[in-house]
Number of protein chains: 4
Amino acid sequence: MATATLTSDKRQAIMDATLELVSKHGFEGTSTALIAKEANVGMGTLYRYFETKEELFKEMFIHQREQLLGIILSGIVGGETTIYGQFSAIVHALGRFYMAHQVEFEFLQRYSDSSYMKESYLDDSAIILAPIANILSSGGEDFRFKALPTHIIFAMVYGPMISIIQLVHQEKVSMTDEMLDSITRSLWNSITEKKTPSEM
Amino acid sequence: MATATLTSDKRQAIMDATLELVSKHGFEGTSTALIAKEANVGMGTLYRYFETKEELFKEMFIHQREQLLGIILSGIVGGETTIYGQFSAIVHALGRFYMAHQVEFEFLQRYSDSSYMKESYLDDSAIILAPIANILSSGGEDFRFKALPTHIIFAMVYGPMISIIQLVHQEKVSMTDEMLDSITRSLWNSITEKKTPSEM
Amino acid sequence: MATATLTSDKRQAIMDATLELVSKHGFEGTSTALIAKEANVGMGTLYRYFETKEELFKEMFIHQREQLLGIILSGIVGGETTIYGQFSAIVHALGRFYMAHQVEFEFLQRYSDSSYMKESYLDDSAIILAPIANILSSGGEDFRFKALPTHIIFAMVYGPMISIIQLVHQEKVSMTDEMLDSITRSLWNSITEKKTPSEM
Amino acid sequence: MATATLTSDKRQAIMDATLELVSKHGFEGTSTALIAKEANVGMGTLYRYFETKEELFKEMFIHQREQLLGIILSGIVGGETTIYGQFSAIVHALGRFYMAHQVEFEFLQRYSDSSYMKESYLDDSAIILAPIANILSSGGEDFRFKALPTHIIFAMVYGPMISIIQLVHQEKVSMTDEMLDSITRSLWNSITEKKTPSEM
DNA sequence: CATGAATGAGAATTCATTCAT
DNA sequence: CATGAATGAATTCTCATTCAT
């Protein structure tokens, strides 16, 4: 006997359909009628679970962002003991996940650039930056992070990741394990500097 | 009596209004009626100068992209003789321009992510990557570029620049000359590696 | 509780309003907003039942033409055994129906002359001429049809009918049974000739 | 030295362009901008000669109808001495002219069926019927016109002529002199009846 | 709870008409 | 007189949202 689901089947079907359609046609190109049809529910049902179209998108964005945060955290708490190990785990996890999940990635991108993303409480940084900042404050033995604001350190890793994942989705490059390793090292180099012997 | 202007006043007023409004409300959030009102022209005038709303956006995008390319090229042909000098000039020029021109920056970002940007000939990379690729192929004395596809090398510079410029516009960080210098060096580090003495 | 109607009430209301308005103001003079208002439905409802304004007109035309064909056929299969009897039945049926149904008549006329009527498969002649041609090929005992193309024979009956029906609608003449009989005989005379005794 | 023209060149150019365009695209499909362009005049010029688009069409219609009347009268006053000779001259003149002048014919037809033709003073009949009625009242030696209203007699000739001319323009039939003779006799038969010997 | 027909405000686009040059 | 850029009301069509069944 199936136990009651936390999120009802219909609700989930709507979210799945929305993810798929928005990633394909964008927010304005995706009508509520289309979502309902793709999710095999009536229009009224959609409005039972989500107050407005905008609210649906917002909830989905929050959900996707939680997923993103989970990926980042899994890298941090994963078992790697060195800072670089954790950094590498995060970059690899992010890259692998979003390269394989184009619709989720495109949804996040489209939302971030759309006019929907105006309310500040939706801001990534507060949530995502916290664990990062934590790492940055912890010292390393033979390196130090650049003397730049945490936001910028984050942007210097996240920015290139986004651009590169887009390239993969556009099939302009195909990613290999070696390339991802190399990219990881490069990004690490861009945000750290070696301590001079006298500092050690 | 006013002399005839090369690009009509009305046409320019429409483009100015569009830039402003799209950067604020996005493409779908900006109606032609609003553009016409903001530009102080009648609806019909807009359609005298631009065949459709979509055409208006495309023309503006092409114009903005030419500006972007101009900035990049000006860094290359600017007078710097070393590769790093040129790289630095480009990063500084890009950063300074788009930090100071939020509406132009946001227009470009929104267009690139919108469904308007589907026609492949609008693709930046072909145009913008050419001069970059040229630099990469030229050797340096004591460094070499990472063995990564040109697209990725480009993404590792352009990606963080975009993210950082956004941070500045969101007023999450304020950029100083020292920071921009530091960022430039970091990005350079991320895409190059030192030759070992034996290679020199 | 009202039972489901075969053709929805709203759809029928839209078609009724269209017939009325188009016959009065013509196609271009009849806006979709006006049709919706007259039919007591929202604008969106019109577009639920008909893809475009043009499609609405086409569907209505096809419907009206079927009615016309039905009238002609009913004259042919009606029970009259002589050729003249059938001819007379058709002319009387056509005349009576369209004199009494001005809006249907005017809709047909307007559509036939409008630029909507460009698609060749909408051409009456193929459909309407078939039963006529059939009659013409059958011989009579003491008459023969003029040696003119079927199209022209048809035009020599249909053309005057149209003109006369218009006169009635304009109230320039009022039609009596005797007049219709007289007209029927006249039209018959115009398309047939008596066989000479030697041919009989 | 050219004498002042009764109708200015520009005015005539506008009317020529209108005739051509309306016969091709219909009234609503012909914009004033298109007319001005085709006539090689500015938009303002059009409005110097004609108060409104509607007025332009009306004046053109009146002009075309005068032409039609001229053709009919030329048949009457042409030299034919018998009634049938005059009738035949009219039918032939009408047929030949409008088969050769499709644009003029279509303009007349479109106008008659359009919503422009609402003002009763534009009514053909008053003008065109007068000379016809005159003929009908004159007796013949061995025939008499059917006892039907003049309007209907007229419709029984004009109606089929219109339908047949349309067939020619649609290239569904090609008209020969013999066919036109035959049609003329048929139409004559349809509106007259032979006097019996005792009546002569 | 689920449905989808109905709604109407709002969007892009056209075009007859005007008027400053 | 001639011009054509400028105008904005009007038109067709879409789609987020509601509500009777």
Colleague: To check you understand the geometry: which heavy-atom pair defines the closest contact between B:Arg110 and B:Val22, and what is its length?
Modeller: NE-O, 3.2 Å
Colleague: Nearest-Å distance, NZ (C:Lys37) to P (F:dT12)?
Modeller: 15 Å
Colleague: For A:Met60, which of A:Arg65, A:Glu55, A:Met15 qualifies under side-chain contact (heavy atoms from CB on, under 4.5 Å)?
Modeller: A:Met15
Colleague: Reading DNA chain F from 5' onward, which residue's closest nucleotide shows up sooner: A:Ala33 or C:Phe27?
Modeller: C:Phe27
Colleague: Any luck finding a side-chain donor-acceptor pair between B:Gln64 and B:Gln67 under 3.5 Å?
Modeller: yes
Colleague: Is the shortest distance from a Lys or Arg side-chain nitrogen in B:Arg11 or B:Glu59 to a carboxylate oxygen in the other one below 4.0 Å?
Modeller: yes
Colleague: So if I take every side-chain heavy atom of C:Thr32 and compare against E:dC15, F:dT12, F:dT17, which nucleotide ends up nearest?
Modeller: F:dT12
Colleague: In this structure, how many angstroms lie between the P atom of F:dC13 and the CD atom of C:Glu55, rounded?
Modeller: 11 Å
Colleague: I want to check something: taking the side chain as every heavy atom from C-beta on, are C:Tyr49 and C:Leu56 in contact at a cut-off of under 4.5 Å?
Modeller: no
Colleague: In whole angstrom, give the distance that lies between atom NE2 of A:His25 and atom C1' of F:dC15.
Modeller: 16 Å
Colleague: Under 3.5 Å, which protein N or O atoms sit close to an N or O of nucleotides 2-5 of chain E? Give each pair with its distance.
Modeller:
unit_1 : atom_1 : unit_2  : atom_2 : d
E:dT3  : OP2    : A:Gly42 : N      : 3.0
E:dT3  : OP2    : A:Thr45 : OG1    : 2.6
E:dG4  : N7     : A:Met43 : N      : 3.1
E:dG4  : N7     : A:Gly44 : N      : 3.1
E:dG4  : O6     : A:Gly44 : N      : 3.1
E:dA5  : OP2    : C:Arg48 : NH1    : 2.7

Colleague: Using the C1' atoms only, state how far E:dC1 lies from F:dT21, rounded to an integer number of Å.
Modeller: 13 Å
Colleague: For A:Phe57 and F:dT17, what is the distance between atoms CZ and P respectively, to the nearest whole Å?
Modeller: 10 Å
Colleague: Can you tell me which stems DNA chain F forms when a stem means 3 or more consecutive Watson-Crick or G-U pairs under 3.5 Å?
Modeller: E:2-21 with F:2-21
Colleague: May I ask you to check whether A:Gln170 and A:Gln166 show a side-chain donor-acceptor distance below 3.5 Å?
Modeller: no
Colleague: What is the separation between atom CG on B:Asp9 and atom P on F:dT7, rounded to the nearest whole Å?
Modeller: 12 Å
Colleague: Whole angstrom is fine here: how far is it from CG in B:Leu21 over to P in E:dA11?
Modeller: 13 Å
Colleague: Just how far, in rounded Å, is P of E:dA16 from CG of D:Leu56?
Modeller: 11 Å
Colleague: Counting only side-chain heavy atoms from C-beta out, which of E:dA11, E:dA16, F:dT17 sits nearest to D:Tyr47?
Modeller: E:dA16
Colleague: Measure the shortest side-chain to side-chain distance between A:Thr18 and A:Thr30 over non-hydrogen atoms and say whether it is less than 4.5 angstrom.
Modeller: no
Colleague: Of all residues at least two apart in sequence or in a different chain, which pass the ring-ring contact (aromatic ring centres under 6.0 Å, His included) check with A:Phe105?
Modeller: A:Tyr98, A:His169
Colleague: Looking only at side-chain atoms of D:Lys53, point me to the closest of E:dT13, E:dT17, F:dT12.
Modeller: E:dT17
Colleague: Could you tell me the separation between the CD1 atom of B:Ile14 and the P atom of E:dT13, rounded to a whole number of Å?
Modeller: 13 Å
Colleague: Between A:Tyr111 and A:Phe27 (judged by ring centroids, cut-off 6.0 Å), do the two rings come close enough to count as a pair?
Modeller: yes
